[in-house]
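No hydrogens, no waters, no symmetry mates; every other heavy atom, side chains included, goes into these values.
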Amino acid sequence: MPAILIAAIDAVVILVFAATGRSSHSEGLSAGGVLQTAWPFLVGAAVGWLIAYAVRRRAPRTLPDGILVWASTLVVGMILRQLSGSGTAVSFVIVAAIVLALLLVGWRAVAVLVRRRRSIS
């Protein structure tokens, strides 16, 4: 899978996370509003990507890579939210950790299953 596609999928799932959160709290779903919510997590994912490239010299496409991107997205995202005056309540951190793990690691797990299935056929 090309690196640009992996990056696009990561960005899309983070935007889905932000839009879902805004929707569940009756906040507007404008592009600007979703980006305002998503930007700390997008930066966190970019940091994870940079770490993956520095350590592994490749795009983060495997499950362990997904865990690295997830952890960076969560930690850096929460730090940036705190620094920018946005909420980081414990309940939000827990929900964000679970949902982002499901999204960022989950799509990679599905990709692994599809690749295995194709190689068996």
Side-chain angles (χ1 to χ4, degrees):
M1 188 179 300
I4 191 74
L5 181 57
I6 298 168
I9 294 169
D10 282 349
V12 167
V13 300
I14 291 168
L15 291 170
V16 166
F17 162 73
T20 302
R22 291 183 65 84
S23 176
S24 70
H25 293 286
S26 300
E27 295 176 349
L29 288 179
S30 68
V34 172
L35 285 174
Q36 181 182 4
T37 300
W39 78 264
F41 301 104
L42 292 168
V43 171
V47 169
W49 270 72
L50 290 172
I51 294 168
Y53 266 108
V55 171
R56 293 182 164 86
R57 306 278 189 239
R58 62 178 163 73
R61 61 179 44 93
T62 66
L63 289 177
D65 295 337
I67 293 168
L68 170 68
V69 171
W70 162 73
S72 176
T73 300
L74 181 66
V75 172
V76 173
M78 290 302 169
I79 290 169
L80 291 174
R81 281 182 62 86
Q82 184 67 34
L83 291 174
S84 67
S86 298
T88 54
V90 172
S91 58
F92 173 66
V93 174
I94 292 168
V95 169
I98 293 167
V99 172
L100 287 169
L102 289 171
L103 294 172
L104 291 168
V105 179
W107 81 257
R108 287 171 171 87
V110 170
V112 166
L113 292 173
V114 168
R115 270 182 280 170
R116 284 184 185 161
R117 216 165 240 252
R118 286 185 181 167
S119 68
I120 292 171
S121 300

Asks: Is it the case that one hydrophobic cluster holds both Val105 and Leu100, taking links as side-chain heavy atoms less than 4.5 Å apart, direct or via other members?
Replies: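 Yes; Leu100 is reachable from Val105 via cluster members.
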Asks: For Pro40 and Gln36, work out which heavy atoms get closest and say how close.
Replies: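 Heavy-atom minimum between the residues: CD-O, 4.0 Å.
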Asks: Quick one: CG on Leu74 to CD1 on Ile98, what's the gap to the nearest 0.5 Å?
Replies: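 Spacing of CG (Leu74) from CD1 (Ile98) equals 10.5 Å.
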Asks: Looking at Trp70 and Ala97, would you say the former's side chain and the latter's main chain have a donor-acceptor pair under 3.5 Å?
Replies: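 Yes, Trp70 side chain to Ala97 backbone: donor-acceptor pair under 3.5 Å.
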Asks: Under a 4.5 Å cut-off applied to non-hydrogen side-chain atoms, are Ile9 and Met1 in contact?
Replies: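 Yes, close enough: below the 4.5 Å cut-off.
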Asks: Taking Val13 as the starting point, is it possible to reach Leu5 by hopping between hydrophobic residues whose side chains are less than 4.5 Å apart?
Replies: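 Result: yes, single cluster for both.
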Asks: Look at the side-chain heavy atoms of Ile, Leu, Val, Met, Phe, Trp and Tyr, link any pair under 4.5 Å apart, and say whether Leu103 and Leu68 land in one connected group.
Replies: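 No; Leu68 is not reachable from Leu103 via cluster members.
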Asks: Sub-3.5 Å donor-acceptor pair from the side chain of Thr20 to the main-chain atoms of Val16, do we have one?
Replies: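 At least one qualifying donor-acceptor pair exists.
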Asks: Can you name the closest pair of heavy atoms from Gly77 and Phe41 and give their distance?
Replies: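 Reported closest heavy-atom pair: CA-CD2, 3.9 Å.
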Asks: For a 4.5 angstrom cut-off between non-hydrogen side-chain atoms, does Ser72 reach Trp49?
Replies: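 Answer no - side chains too far apart.
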Asks: Do Val95 and Met78 belong together in a cluster built from hydrophobic side chains that touch within less than 4.5 Å?
Replies: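 Yes, one cluster joins them.
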Asks: Find out whether Trp39 and Leu80 are in side-chain contact, i.e. whether some heavy atom of one side chain is under 4.5 Å from a heavy atom of the other.
Replies: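 Yes, at least one pair of side-chain atoms sits under 4.5 Å.
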Asks: With a 4.0 Å cut-off on N to O distance, would you call Asp65 and Arg108 a salt bridge?
Replies: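 Result for this pair is no, no salt bridge flagged.
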Asks: Go through the steps to decide whether Arg81 and Thr88 satisfy the test side chain to side chain donor-acceptor pair (under 3.5 Å), and finish with yes or no.
Replies: CA-CA 7 Å; Arg81 281 182 62 86; Thr88 54; over 6 Å; no
Asks: Any side-chain to backbone donor/acceptor pair from Ser86 onto Gln82? Under 3.5 Å, distance only.
Replies: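 No, the answer is negative, given that no donor and acceptor are paired below the 3.5 Å cut-off.
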Asks: Given side chain to side chain contact (heavy atoms under 4.5 Å, CB included), test Trp107 with Ile6 step by step and report yes or no.
Replies: CA-CA 10 Å; Trp107 81 257; Ile6 298 168; 3.8 Å; yes
Asks: Closest heavy-atom contact between Ala18 and Thr37?
Replies: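 Heavy atoms only, the tightest pair is CB-CG2, 3.8 Å.
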Asks: Taking only Lys NZ, Arg NE, NH1 and NH2, and the carboxylate oxygens of Asp or Glu, determine whether Arg61 and Asp10 approach each other closer than 4.0 Å.
Replies: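 Between Asp10 and Arg61 there is no salt bridge, as every charged N stays at least 4.0 Å from the carboxylate O atoms.
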Asks: Verify the neighbour count for atom CD1 of Ile4: are there more than 12 heavy atoms of other residues, nucleotides or ligands below 6.0 Å?
Replies: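 No, the 6.0 Å shell around CD1 holds no more than 12 heavy atoms from other groups.
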Asks: Is Ile51 linked to Val43 within one hydrophobic cluster, defined over Ile, Leu, Val, Met, Phe, Trp and Tyr using a side-chain heavy-atom separation of less than 4.5 Å?
Replies: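 They do share one cluster, since a chain of ILVMFWY contacts under 4.5 Å joins Ile51 to Val43.
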Asks: Closest heavy-atom contact between Gly87 and Phe92?
Replies: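 Looking at all heavy atoms of both residues, the shortest contact is O-CD2, 3.8 Å.
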Asks: Contact between Leu42 and Leu15 at the side-chain level, heavy atoms closer than 4.5 Å - yes or no?
Replies: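 In contact.
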